[in-house]
Amino acid sequence: MGELKKIARYLRSNMTIQERKLWSILRYRQFYNYKFLRQYVIPPYIVDFICREKKIIIEVDGGQHNTKEEIEYDNKRTKYLNSLGYKVVRFWNNEITDNIEGVYSKLKEVFNII
């Protein structure tokens with residue numbers, strides 16, 4: 001767990017452009033007063049964003065997630081997180097870059113906000 005925490009700390013201080021963009025609308029309870037944490041450790045994984053109150057995880061995926069191996073890994077990871085009671089929502093980098101309004105709308109839908 002100690003090593004995972006070190007990696008999470010590194011990832012928090014080196015977020016991608018898309019992670020920063022999404023974080024700018026999630027932090028400080030800006031999204032309907034829900035609290036989010038970033039680069040949160042759920043052994044043996046580190047998730048990009050989590051709302052523990054609603055048990056929702058948000059993952060931001062780049063092109064490297066589009067290989068057969070990565071798709072299998074992500075499916076295994078999602079299945080494990082689902083088994084712990086979490087719902088996993090994934091967005092591609094280009095969705096965040098090109099359509100943040102659509103991402104926001106999808107999040108409202110996931111959080112059952114009308």
Side-chain angles (χ1 to χ4, degrees):
M1 177 88 150
E3 189 62 30
L4 280 177
K5 284 188 175 190
K6 284 181 190 174
I7 295 167
R9 196 173 306 121
Y10 173 80
L11 292 171
R12 277 193 294 276
S13 61
N14 292 282
M15 294 193 324
T16 66
I17 293 166
Q18 291 80 12
E19 289 170 335
R20 275 187 247 129
K21 188 171 187 175
L22 185 56
W23 182 238
S24 74
I25 64 173
L26 298 177
R27 67 178 172 208
Y28 308 129
R29 295 185 176 267
Q30 293 178 99
F31 183 78
Y32 295 91
N33 207 33
Y34 286 109
K35 181 178 181 176
F36 287 87
L37 300 170
R38 60 194 169 112
Q39 304 304 335
Y40 186 79
V41 176
I42 301 175
Y45 302 110
I46 301 170
V47 300
D48 291 336
F49 301 99
I50 186 170
C51 175
R52 293 186 302 178
E53 174 186 354
K54 295 285 278 186
K55 294 200 86 164
I56 295 174
I57 293 170
I58 302 169
E59 291 291 304
V60 178
D61 294 340
Q64 74 275 14
H65 287 265
N66 212 12
T67 67
K68 181 180 184 237
E69 294 80 17
E70 284 298 318
I71 290 168
E72 288 172 4
Y73 174 81
D74 286 344
N75 287 339
K76 176 184 169 192
R77 190 173 182 270
T78 297
K79 186 175 180 179
Y80 173 75
L81 295 167
N82 290 161
S83 78
L84 298 177
Y86 292 99
K87 177 177 180 131
V88 179
V89 182
R90 295 184 172 279
F91 294 104
W92 291 102
N93 279 343
N94 66 317
E95 289 180 277
I96 294 169
T97 300
D98 301 333
N99 187 17
I100 195 67
E101 297 84 8
V103 169
Y104 194 85
S105 292
K106 175 67 176 176
L107 288 174
K108 283 175 60 177
E109 186 181 303
V110 169
F111 277 77
N112 294 318
I113 298 166
I114 298 170

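Scope of the values below: all heavy atoms of this structure, side chains included, with no hydrogens, waters or symmetry mates.
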* To do: Using a cut-off of 6.0 Å, state whether more than 12 heavy atoms not belonging to K87 lie near its atom NZ.
  => no

* Linked, directly or transitively: L4 and Y40 (ILVMFWY side chains, under 4.5 Å) -> no

* Do other residues, nucleotides or ligands put more than 12 heavy atoms under 6.0 Å from R52 CZ? -> no

* To do: Look at atom NZ of K5 and say whether more than 12 heavy atoms of other residues, nucleotides or ligands are closer to it than 6.0 Å.
  => no

* To do: Kindly determine whether R77 and V47 satisfy side chain to side chain contact (heavy atoms under 4.5 Å, CB included), including the steps that lead there.
  => CA-CA 10 Å; R77 190 173 182 270; V47 300; 3.9 Å; yes

* Asked: Can you get from L84 to V110 by hopping between Ile, Leu, Val, Met, Phe, Trp and Tyr side chains that sit under 4.5 Å apart?
  -> no

* Look at atom NZ of K106 and say whether more than 12 heavy atoms of other residues, nucleotides or ligands are closer to it than 6.0 Å. => no

* Value rounded to 0.5 Å, distance of CZ in R38 from CD1 in I46 -> 13.0 Å

* To do: Supply the atom-to-atom distance Y34 OH to R29 CZ, rounded to the nearest 0.5 angstrom.
  => 10.5 Å

* Can you tell if the side chain of Y10 reaches within under 4.5 Å of the side chain of Q39, non-hydrogen atoms only? -> no

* Asked: Yes or no on salt bridge (Lys or Arg N to Asp or Glu O under 4.0 Å) for K76 and E72, after CA distance, side-chain angles and deciding distance?
  -> CA-CA 6 Å; K76 176 184 169 192; E72 288 172 4; over 6 Å; no

* Asked: Using 30° and 60° as the class limits, which term best fits the ring planes of F31 and Y104: parallel, tilted or perpendicular?
  -> perpendicular

* CG of L81 to NZ of K55: how many Å apart, nearest 0.5 Å? -> 10.0 Å

* **Which atom of W23 lies closest to which atom of L37, heavy atoms considered** => CZ3-C, 4.4 Å

* Euclidean distance, L22 CG relative to F49 CZ, rounded to 0.5 Å -> 4.5 Å

* **Side-chain heavy-atom pair R90, D74 within 4.5 angstrom cut-off** => yes

* To the nearest 0.5 Å, tell me how far T16 OG1 sits from K21 NZ. => 11.5 Å

* Answer with yes or no whether the hydrophobic clustering places I42 together with V60; edges join I, L, V, M, F, W, Y residues whose side-chain heavy atoms lie under 4.5 Å apart. => no

* When rounded to the nearest 0.5 angstrom, what distance separates CD1 in I25 from CG in L107? -> 6.5 Å

* Asked: F111 and F36: aromatic ring centres closer than 6.0 Å?
  -> yes

* **Proximity of Y80 and Y45 rings by center, below 6.0 Å** => yes

* **More than 12 heavy atoms from other groups under 6.0 Å of CD1 on I17** => no

* Contact summary for S24 and Q30, nearest pair of heavy atoms -> O-NE2, 2.9 Å

* **Side chains of I50 and Y86 in contact at under 4.5 Å (non-hydrogen atoms)** => yes

